[in-house]
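Every chain is numbered from 1, with letters handed out A, B, ... down the list of sequences.
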There are 2 protein chains.
Amino acid sequence: MARTVDTERYAARRLQIIDAGLTVIAERGYDGATTARICRQAGIGSGTFFHYFATKADLLLAILELGTAETREKAAAFEGRTDALAVLLELVGAAADEAADPRVPGFVRAVAGVMHVPAVAAALAEDDAAQRELLLHWVERGRAAGEVRTDVPAGRLASWLTLLMDGFLERVAVDDGFVAADERELLVATVRDFLRGVGPPPHP
Amino acid sequence: MARTVDTERYAARRLQIIDAGLTVIAERGYDGATTARICRQAGIGSGTFFHYFATKADLLLAILELGTAETREKAAAFEGRTDALAVLLELVGAAADEAADPRVPGFVRAVAGVMHVPAVAAALAEDDAAQRELLLHWVERGRAAGEVRTDVPAGRLASWLTLLMDGFLERVAVDDGFVAADERELLVATVRDFLRGVGPPPHP
DNA sequence: GAGTTCCTGGATCGCGTGCTCCAATAATGG
DNA sequence: CCATTATTGGAGCACGCGATCCAGGAACTC
């Protein structure tokens, strides 16, 4: 026999390439991110790249799956909480914090540009589903506790929360005057008002 | 002398290609929209295409400029109105109606994917500026009339309106359960509440 | 240290793309 | 009806890309 597979080294290399891919894709777009550039960013040769990912598209999918996994972890971390509205506001706040990383908005729009590729659309749908499940869970609990409006179905409220978070991300990416850290508070306040509903003031 | 340039025919042909480009780009993304496919969609040969647009990128820019021009027309149509809040809500409602055209959200995300190309970024910035100017104008008038909250600067309110409209567009594109026509009313109501501000109810 | 397998980089290939070129055609003026 | 020029289609070109291939080195077992 001879050397065994060093899974730790392997995983580290893989993450290194993923990180390089995220960086380059975020700043050049998916098609602008040539494998050559990703390799240069990662400090590797193209042979190495295709040893870890059969295809450039596979790298993108790996990045997306990583994101989905993080969402699932986040969901697990909130298990056992009972203050639904507070949880929802923390989730929204966390999204605002993520938007502060300059790579995130760039990557998101890059991915949007290749949505028509079926595999990417599927991965993104899974990501969306994970996030949606998380939001929906707490929206429903919030409704049960009387903290969240009931004039709009829970599913639609979850969609609207995503709308606000995605819109926030987009604004950060495009609008120079729109700084994530400065707008975070207004986002949380707006979401709170939206979830409470406004017609009649909730707690007079 | 011989035949003169038929500007009408020329403009029509040009619009035909623009329309084909919009369709194909919306459904395939920018890089997925090969010039060959655009030509097939328009029913022309590649020679004709490059007779009207020196470059594939030029077609994209022409589409974007058309959009900017439409925004300017819309702005002109509202001249003379005095009910600022109503104007703003009409603008938001119009954005929701546009989102119902299935090509619009697809095209928007396709463009997002090529934002890193300087010329595209510039054209999009101009588009953004036109929309922003329009919103800002009426936000300021609304504030002066006491219809719009004053605890947040007008510029930031304009950014937030864009956030809501863009987020809406994105949701329509991604979320199958999110139908533009069904959500329109909630969008308008949410924007109204957002513009009024909520802390203390405005008109008890 | 020998043997074996895994890992790595870079030269190289084939393909699809945006774009050019030119001959044929349509449209106009005299 | 002829001359002239705008307009058109499509064959073909050059290039850049993703992906392949392979030879040398590294890592590990015995």
Side-chain angles (χ1 to χ4, degrees), chain A residues 1-22 24-25 27-63 110-111 113-114 116-120, chain B residues 1-22 24-25 27-63 110-111 113-114 116-120:
Chain A
M1 218 180 274
R3 67 179 301 193
T4 62
V5 188
D6 186 340
T7 58
E8 210 165 310
R9 203 180 176 75
Y10 185 86
R13 206 56 155 162
R14 202 180 136 90
L15 271 179
Q16 172 193 355
I17 298 175
I18 284 182
D19 189 73
L22 181 61
V24 178
I25 290 175
E27 69 189 11
R28 306 270 202 184
Y30 180 71
D31 292 272
T34 65
T35 55
R37 248 198 277 263
I38 296 173
C39 290
R40 210 179 317 137
Q41 170 77 25
I44 61 174
S46 69
T48 307
F49 180 95
F50 286 100
H51 181 72
Y52 286 86
F53 299 96
T55 279
K56 190 179 125 176
D58 282 342
L59 170 61
L60 181 60
L61 295 180
I63 300 178
V111 172
V114 279
H116 50 95
V117 178
V120 175
Chain B
M1 218 182 273
R3 69 180 296 197
T4 61
V5 188
D6 186 338
T7 58
E8 209 166 308
R9 203 180 177 76
Y10 186 87
R13 221 10 170 200
R14 203 180 135 91
L15 269 179
Q16 172 192 356
I17 298 175
I18 284 182
D19 188 72
L22 180 62
V24 178
I25 291 175
E27 70 188 13
R28 308 270 204 186
Y30 180 71
D31 290 273
T34 65
T35 55
R37 249 198 275 264
I38 295 173
C39 289
R40 210 178 319 137
Q41 169 78 24
I44 59 173
S46 68
T48 307
F49 180 95
F50 288 101
H51 179 72
Y52 285 86
F53 298 96
T55 278
K56 189 178 125 176
D58 283 341
L59 170 61
L60 181 62
L61 295 180
I63 300 177
V111 172
V114 280
H116 49 96
V117 178
V120 175

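Taking atom CG on A:Leu59 and atom C1' on D:dC17, their separation rounds to 16 Å, with Å as the unit. Rounded to a whole Å, the CZ atom of A:Phe50 is 14 Å from the P atom of C:dG9. Per the geometry, CZ belonging to A:Arg40 stands 12 Å off P belonging to C:dG10, to the nearest Å. Atom-to-atom, CD1 of B:Ile44 to C1' of C:dT25 comes out at 16 Å; the value is rounded to the nearest Å. With rounding to whole Å, A:Arg9 atom CZ is found 15 Å from C:dC6 atom P. Taking atom CD of residue B:Glu8 and atom P of nucleotide C:dA27, one finds them 15 Å apart after rounding to whole Å. The interatomic distance linking B:Ile25 (CD1) with C:dG18 (C1') rounds to 14 Å, in whole Å. Residue B:Phe53 contributes atom CZ, which lies 16 Å from atom C1' of D:dT8 at whole-angstrom precision.
Nearest heavy-atom pair across A:His116 and B:Gly32 is CE1-CA, 4.4 Å.
A:Ala33 comes within 4.0 angstrom of sugar-phosphate atoms only, judged by non-hydrogen atoms across all strands, and of no base. Using a 4.0 Å heavy-atom distance criterion, B:Gly32 is classed as making no nucleic acid contact. Looking at heavy-atom distances under 4.0 Å, B:Ser46 makes contact with a base. When heavy atoms are screened at a 4.0 angstrom cut-off, A:Tyr52 is found touching the sugar-phosphate backbone but no base atom.
With the nearest nucleotide of DNA chain D identified for both A:Arg37 and A:Gly47, A:Arg37 has the one nearer the 5' end. Of the two residues near DNA chain D, A:Tyr30 and B:Gly45, the one whose nearest nucleotide lies more 5' is B:Gly45.
Between B:Val114 and A:Asp31, every side-chain heavy-atom pair lies at or beyond the 4.5 Å cut-off. In this structure the side chain of B:Ile18 reaches within 4.5 angstrom of the side chain of B:Phe53, judged on heavy atoms. Inter-residue side-chain proximity for A:Tyr52 and A:Asp58 is flagged as unmet; no heavy-atom pair is nearer than 4.5 Å.
Contact annotation: A:His51 side-chain N/O to C:dT8 OP1/OP2 distance is not under 4.0 Å.
Set against D:dG18, C:dG9, D:dT8, the side chain of A:Arg13 has C:dG9 as its closest nucleotide. Nearest to the side-chain atoms of A:Thr55 among the listed nucleotides D:dA19, C:dC19, D:dT7 stands D:dA19. Of the candidate nucleotides C:dG18, D:dG9, D:dG18, D:dG9 has the atom nearest to the side chain of B:Thr48.
When the options A:Leu59, A:Leu22, A:Ile44 are evaluated for a side-chain contact (heavy atoms from CB on, under 4.5 Å) with A:Ile38, the one that passes is A:Leu59.
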